[in-house]
Amino acid sequence: MSINLIILAAGQGSRMNSDRPKVLHEIAGAPLLVHAMKSGAALEPARTVIVSGVGADAVEAAALAHDPSVLTARQSEQNGTGHAVLCAREAMQGATGDAIVLYGDTPFITPETLAAMQAARTYSDVVVLGFDVHDPTVRYGRLVTTGDALDKIVEFKDATEAERAIPLCNSGVICAEASTLFSLLDDVGNDNASGEYYLTDIVGIARTRGLTASVVKCDEAETLGINTKAELAGAEAQFQTRARAAAQADGVTLIAPETVFFAHDTVIGRDSIVEQNVVFAPGVSIESDVRIRAFSHLEGCHVSRGGIVGPYARLRPGTELAEDARIGNFVEVKNATIAEGAKVNHLSYIGDAELGARTNVGAGTITCNYDGFFKHRTVVGEDAFIGSNTMLVAPVTVGDNALTASGSVITEDVPADALALARGKQTNKAGLAKRLKDKLRAAKAALKKDQ
Ligand code: UD1
Ligand code: MG
């Protein structure tokens, strides 16, 4: 049985107090919407439809950037969750099998939970994801059941006191055969406390049609929806706690786990060590036996086995470190390939560059890659030695085994095996320092006498 996803992401999210649509606020470097899409993608859906409304252009762009195969639908007025799902009808035309509705602001639903819902469809026409909250004042919809059967969902606003006392709440995630879902929605009205078309009404309607409905349960933490900046920060903290535990379970050593921050897609191999205060932005993959030393920031890069990075290193997008490469303190690398065993250990900027195997780059070296209009490449061969404080003015190539003298400004290609010297020639004036100092000392003494 194939499955399709409908992700509701049209709401305003006014409590975020932001110009940005709610679902585009980020956890672990990815929009809430992308987290929801990633949860749903575990089901390998035949089709995914994103329903957007507020900030639709930006929401669609973010969805398509993550997965160009998704379909988009618009809900121009937010008339409720039921109305939002109906807006996906055209995009779902011809889709077969089930449809599962997710919320774009609910990032943590696990693949296991979605699989359990899919499994429950074998004995139930409509499956709703619920969770227990023992607090009659929380404003979730309540699931009214008789034994295992789900009779209806009552929205908090419309619920009686007795219904509000029911601990079983609605997460919002609902699964049914796609054609059944839309047929049920055709009968949903808006005669309720909010004047909205509630998706939740399909359960009661299904039951009056003689269809079956049931509940799959999960933890409240999984269905956490984000409504405020404070909740966003809380969700980030939850994500980080889980990511740290997952890395440790995968065999990564975290010396101070609470100080390491992961992105939604960080991959780290077994027996790698991450020291204190390291931040992984999106797009980082690290092989086994790597050491990321304290206070480093990595984004969009790959570090091969045996590499050592930091302390205080910054790896920016497009950085590729081959095996046993070393990037030391206060070194920034961007869009550069550092071959096996090459070292850039101190105070350097290496951008738009290629460094050959075993090449050593001295302290303070900079690839001058940008002329204010265009970026240019620097290519350094194997076993080269770049003297400290070399300016490599790109485009420029330094051959295998070549050497540049410290303080050189290299503007022309250096052939293999050559020594490039490109700095002012030194001259020593014998005794001049002493004579100059004596003169200045005397002048200062004369000035003091006059005062
Ligand atoms: C909804 C459920 C409630 C459940 C709760 C869980 C309904 C009627 N109620 O209530 O039973 O306990 O979620 O969090 O479904 N959206 C649209 N278009 C709309 C309205 C909403 O796209 O016209 C989207 C929102 O962007 C959001 C999601 O649907 O992602 C839920 O909407 P929200 O307004 O938060 O519903 P609740 O009132 O919380
Ligand atoms: Mg809500």
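Indexing begins at 1, ligand by ligand and atom by atom, following the structure's order.
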Any protein heavy atom lying closer than 4.0 Å to atom 38 (O) of ligand 1?
-> no

Do Glu155 and Arg139 sit within salt-bridge range, that is, some charged N less than 4.0 Å from a carboxylate O?
-> no

Considering all protein heavy atoms, does one lie under 4.0 Å from atom 13 (O) of ligand 1?
-> yes

In terms of its nearest heavy atom to atom 9 (N) of ligand 1, the top option of Arg139, Glu77, Glu155 is Glu155

Apply side-chain hydrogen bond (donor to acceptor under 3.5 Å, both in side chains) to Asp201 and list each qualifying residue two or more places apart in sequence or on a separate chain.
-> none

Please name the pair of heavy atoms, one in Ala36 and one in Leu102, separated by the smallest distance, quoted to 0.1 Å.
-> O-CD1, 3.8 Å

Find all atoms of ligand 1 within a distance of less than 4.0 Å from any non-hydrogen atom belonging to Thr81, and give their numbers and elements.
-> 7 (C), 8 (C), 15 (O), 20 (C), 21 (C), 29 (O), 31 (C), 32 (O)

On a heavy-atom basis, the closest approach of Met92 and Ala99 is CE-CB, 3.9 Å

Atom 29 (O) of ligand 1 protein-contacted (non-hydrogen atom, under 4.0 angstrom) = yes

What atoms of ligand 1 come within less than 4.0 Å of a heavy atom belonging to Ala84?
-> 17 (C), 18 (N), 22 (O)

Hey, is Gln75 touching ligand 1 through its side chain, its backbone, both or neither, going by heavy atoms under 4.0 Å?
-> side chain

What pair of heavy atoms forms the shortest contact from Asn369 to Tyr349, and how long is it?
-> ND2-OH, 3.3 Å

Step-by-step salt bridge (charged side-chain N to carboxylate O under 4.0 Å, His left out) determination, Asp187 to Arg209 | CA-CA 11 Å; Asp187 285 357; Arg209 288 193 194 171; 2.9 Å; yes

Salt-bridged, Arg291 to Glu275, with N to O below 4.0 Å?
-> yes

Is the closest protein non-hydrogen atom to atom 33 (P) of ligand 1 under 4.0 Å?
-> no

Can you name the residues that form a side-chain hydrogen bond (donor to acceptor under 3.5 Å, both in side chains) with Arg377, not counting sequence neighbours?
-> Glu354

Residue portion contacting ligand 1 (non-hydrogen atoms closer than 4.0 Å) for Ser171 | backbone

For ligand 1, which atoms sit closer than 4.0 Å to a heavy atom of Leu8?
-> 22 (O), 24 (C), 29 (O), 30 (O)

Close-contact set for ligand 1 against Asp105 heavy atoms, below 4.0 Å = 27 (C), 30 (O)

Which atoms of ligand 1 are found less than 4.0 Å from any heavy atom of Asn79?
-> 23 (O)

Between the candidates Gly130, Gly80, Ala10, Gly11, which shows the shortest non-hydrogen contact distance to atom 19 (C) of ligand 1?
-> Gly80

